[in-house]
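Comments concern the structure below.
Convention: sequence-line order gives letters A, B, ...; per-chain numbering from 1.
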There are 2 protein chains.
Amino acid sequence: MTTMKEIAQAAGVSVSSVSLVLNGRDSGRINPQLANRIRETAERMGYQPNVLARSLRTNRTYMIGFISVEVATTPYAGGMIQGAQDALSSLGYMLLTVNGDTEQALESEIRALKRYGVDGFLYSAMSNRVMTVPKSLAKFPLVLVDAAEETNRFPSIEPDEFRIGYDATTRLIEAGCSRIAYVGCAEPMVAQTGRLAGYRQALMDHGRGFDERLQCDVLNNGPALRAVEALFDTEQPNGFFCFNDARAWYVYETAARHGLAVGRDISVVGVDNHRVFAETLEPQLTTIELPHYEMGYWAANKLVSMIENRPLNEGDWPHTTAVMPLLDTPSPVKVHCTLIEKGSVRDTPTTA
Amino acid sequence: MTTMKEIAQAAGVSVSSVSLVLNGRDSGRINPQLANRIRETAERMGYQPNVLARSLRTNRTYMIGFISVEVATTPYAGGMIQGAQDALSSLGYMLLTVNGDTEQALESEIRALKRYGVDGFLYSAMSNRVMTVPKSLAKFPLVLVDAAEETNRFPSIEPDEFRIGYDATTRLIEAGCSRIAYVGCAEPMVAQTGRLAGYRQALMDHGRGFDERLQCDVLNNGPALRAVEALFDTEQPNGFFCFNDARAWYVYETAARHGLAVGRDISVVGVDNHRVFAETLEPQLTTIELPHYEMGYWAANKLVSMIENRPLNEGDWPHTTAVMPLLDTPSPVKVHCTLIEKGSVRDTPTTA
DNA sequence: GTGAAAGCGCTAACAA
DNA sequence: TTGTTAGCGCTTTCAC
């Protein structure tokens with residue numbers, strides 16, 4: 001690794017001149033010719049700045065810590081991390097990923113990140129629980145990804161679950177479904193609360209009542225499958241809004257056993273957490289993909305804007321769309337999800 | 001952040017003494033009493049070493065770069081990264097994750113990692129292509145994860161695809177299946193080559209021939225489903241080895257349409273890439289989970305052992321098992337996958 | 001046993 | 001306009 005010192009020697013100038021030039025602070029301070037010579041020399045010698053040495057002096061590392069709690073192994077994390085990486089990469093930052101699945105690991109990883117001098121933190125916890133940010137993070141620049149505290153102390157971003165439920169149900173209504181079931185999760189989930197509320201509101205707004213017999217919350221495997229079969233038998237729904245892939249699968253399996261074809265006899269809208277169904281079922285299944293990538297991307301941009309003390313640019317907003325093909329629309333329809341920034345709500349710009 | 005200097009002042013000693021003590025190099029150099037006083041002071045003041053400053057001096061950053069090429073968004077990456085993180089965390093290292101999906105991004109991220117002075121690299125590319133390590137990485141400590149070059153220049157780890165195919169097929173044979181189909185991918189995949197070879201070898205070894213009519217390579221969606229339906233109709237297999245979740249789903253869907261029950265009328269073994277089926281189908285589907293976590297874990301340990309110039313410990317080997325419940329075995333059976341270390345092949349120790 | 005001092009590569013105040 | 005100097009926090013040699 002060539003250093004500034006070596007460049008200074010080769011170019012016959014002092015390190016400070018080299019530093020000024022290579023950091024672009026030379027306007028009106030260094031003779032343009034000299035500056036060019038320095039730049040050339042640096043180029044020729046393949047100079048790469050030692051960011052650690054710089055950090056020591058400036059107290060800025062251009063490193064961001066990404067803490068994930070109980071999400072790293074889920075299929076969601078990959079998208080969020082990649083979104084954050086892509087955003088940070090173009091901003092000249094580096095991402096340090098850790099996971100704090102246990103309370104103890106969490107605190108120790110936070111300490112580690114602090115030792116490495118990260119400029120700020122991204123924090124992501126499974127959004128199906130109420131969460132609290134560790135107090136050890138409270139005084140640092142921090143943005144929550146796919147999570148939010150009740151206190152709204154920190155900027156955060158998460159899908160608009162209510163709207164997902166509302167839009168999905170509306171699509172089913174517009175597709176002509178007369179009996180729309182909700183196939184959800186029997187365990188308490190924050191996401192479900194919002195989606196269910198959206199489902200009910202959409203029914204209301206279209207002059208329909210909520211029928212609790214059409215709400216079918218299940219767990220996994222055999223019992224879940226049998227519960228869905230019972231739903232088919234007793235309620236004969238012709239529209240289904242499914243909490244996730246697993247629930248959508250129970251509907252598919254049951255439909256197949258009953259000789260019903262999805263896309264002809266029944267309509268299904270489901271949130272596609274695992275992406276396997278997009279590959280398998282599309283365009284039969286109407287999938288809603290949660291914008292994990294976009295959330296990571298936005299959160300990283302937001303965090304850096306805080307660190308650098310400047311406003312967020314328009315371009316820092318991700319484009320969030322989900323494909324929703326349905327019975328009556330053979331070609332895919334773009335539907336936008338809403339990202340919520342605590343303190344102020346706005347939609348993401350749509351491309352299509 | 002309290003510094004060594006502050007501790008030295010508070011304890012009335014010099015920084016060098018503090019450094020020696022806090023790094024455990026004080027035996028026979030510093031008076032034990034003094035050493036204790038220093039340790040206490042550091043403790044009391046909540047001292048955390050500044051790893052960047054240390055790095056500047058020692059040329060060791062205890063940072064590892066994890067480069068993923070076209071894998072970050074797949075469900076696999078999460079497991080590998082978490083495995084690497086867990087291993088590194090206990091070794092006192094930090095993971096910097098980047099992704100190099102395009103050639104250009106790759107080189108620029110590698111340069112970035114070098115600027116940050118990482119001690120070594122983990123490199124992961126989608127294993128369904130022949131890969132070549134960028135020459136910019138050649139002179140650094142490097143371990144390949146879920147990937148391998150033809151040249152065997154670097155340590156690498158990947159699942160033993162042959163053995164997966166062999167074991168899966170053998171299980172189906174032992175479960176009493178007389179006609180075992182292979183439902184694979186119509187696109188060329190390195191993994192498939194090995195699994196198919198294992199499938200054929202297992203048939204051979206049990207005195208059965210390979211019947212190409214039972215090999216059904218499909219793509220996605222409707223066409224794939226119809227191809228599997230045709231397979232059911234014309235060949236009536238009673239055992240299925242599926243390349244991945246999507247292929248397993250086609251079998252399930254078709255079985256349901258034909259009134260056949262998995263686990264009673266037919267047996268299915270499938271590789272579970274997305275983890276959704278483990279939640280949904282188990283224990284009907286016999287799932288093989290690829291040991292991504294374990295590969296990440298092993299690779300990180302291997303890399304650090306190279307960096308620190310010491311042998312790999314027994315404990316650095318991951319425990320790799322996959323659950324394979326089947327028709328005749330209601331309770332799960334542990335089956336071990338094999339990890340391949342280039343240059344020398346050995347099995348991972350099994351717990352169960 | 002302990003401390004003074006040099007220096008890792010860089011930035012930034014200050015001199016010239 | 002350029003160079004000198006100090007120092008970020010730490011390690012390490014070398015005197016004492």
Using 0.5 Å steps for rounding, measure from the CG atom of Asn301(B) to the CG atom of Leu91(B). 5.5 Å
Do the side-chain N and O atoms of Glu149(B) and Ser156(B) include a donor-acceptor pair separated by under 3.5 angstrom? no
Quick check on DNA chain C: between Asn59(B) and Asn31(B), whose nearest nucleotide comes earlier from the 5' end? Asn31(B)
In whole Å, what is the span from the CD atom of Glu6(A) to the C1' atom of dC8(C)? 13 Å
Applying side chain to side chain donor-acceptor pair (under 3.5 Å) to Thr3(B) and not counting sequence neighbours gives none
Under the side chain to side chain donor-acceptor pair (under 3.5 Å) rule, collect the residues that match up with Ser55(B), sequence neighbours excluded. none
Distance in angstrom units between Leu56(B) CG and dC10(C) C1', rounded: 8 Å
For nucleotides 11-16 of chain C, just jot down a letter per nucleotide in 5' to 3' order: B, S or -, based on protein non-hydrogen atoms under 4.0 Å. BB----
Angle between the end axes of the helix from dG1(C)-dC16(D) to dA16(C)-dT1(D), five pairs per end, to the nearest 10 degrees? 50°
Gap between atom CD of Gln82(A) and atom NE2 of His292(A) - 0.5 Å precision: 13.5 Å
Residues that Arg111(A) engages under side chain to side chain donor-acceptor pair (under 3.5 Å), provided they are two or more places apart: none
Which pairs of donor and acceptor atoms, one on a side chain in residues 37-48 of chain B, lie under 3.5 Å apart (sequence neighbours left out)?
from: Arg37(B); atom 1: NH2; to: Ala11(B); atom 2: O; distance (Å): 2.8
from: Thr41(B); atom 1: OG1; to: Arg37(B); atom 2: O; distance (Å): 2.5

Could you give all pairs that pass the ring pair (Phe, Tyr, Trp, His ring centres under 6.0 Å) test and reach residues 133-153 of chain A, with sequence neighbours left out? Phe121(A)-Phe140(A)
Starting at atom NZ of Lys5(B), determine the distance to atom C1' of dA4(C), rounded to an integer number of angstrom. 14 Å
Rounding to a whole Å, what distance do you find between Ile30(B):CD1 and dT2(C):P? 5 Å
Which residues pass the side chain to side chain donor-acceptor pair (under 3.5 Å) test with Ser14(A), not counting sequence neighbours? Ser16(A), Ser17(A)
Tyr62(B): which residues meet the ring-ring contact (aromatic ring centres under 6.0 Å, His included) condition with it, sequence neighbours left out? Tyr93(B)
Which atom of Ala8(A) lies closest to which atom of Val15(A), heavy atoms considered: CB-N, 3.7 Å
At a 4.0 Å cut-off to heavy atoms of chain B, the contacted part of DNA chain D spans dG9(D) to dT12(D)
Calculate, to the nearest 0.5 Å, the distance between atoms CG and CG belonging to Leu113(B) and Leu137(B) respectively. 8.5 Å
What parts of residues 32-46 of chain A reach DNA chain D, counting only heavy atoms under 4.0 Å away? Leu34(A)
Let me have the donor-acceptor pairs involving side chains of residues 22-34 of chain A, under 3.5 Å, with sequence neighbours excluded, atom names and distances please.
from: Asn23(A); atom 1: OD1; to: Arg54(A); atom 2: NH2; distance (Å): 3.4
from: Asn23(A); atom 1: ND2; to: Ser19(A); atom 2: O; distance (Å): 3.0
from: Asn23(A); atom 1: ND2; to: Ser19(A); atom 2: OG; distance (Å): 3.4
from: Asn31(A); atom 1: OD1; to: Gln33(A); atom 2: N; distance (Å): 2.7

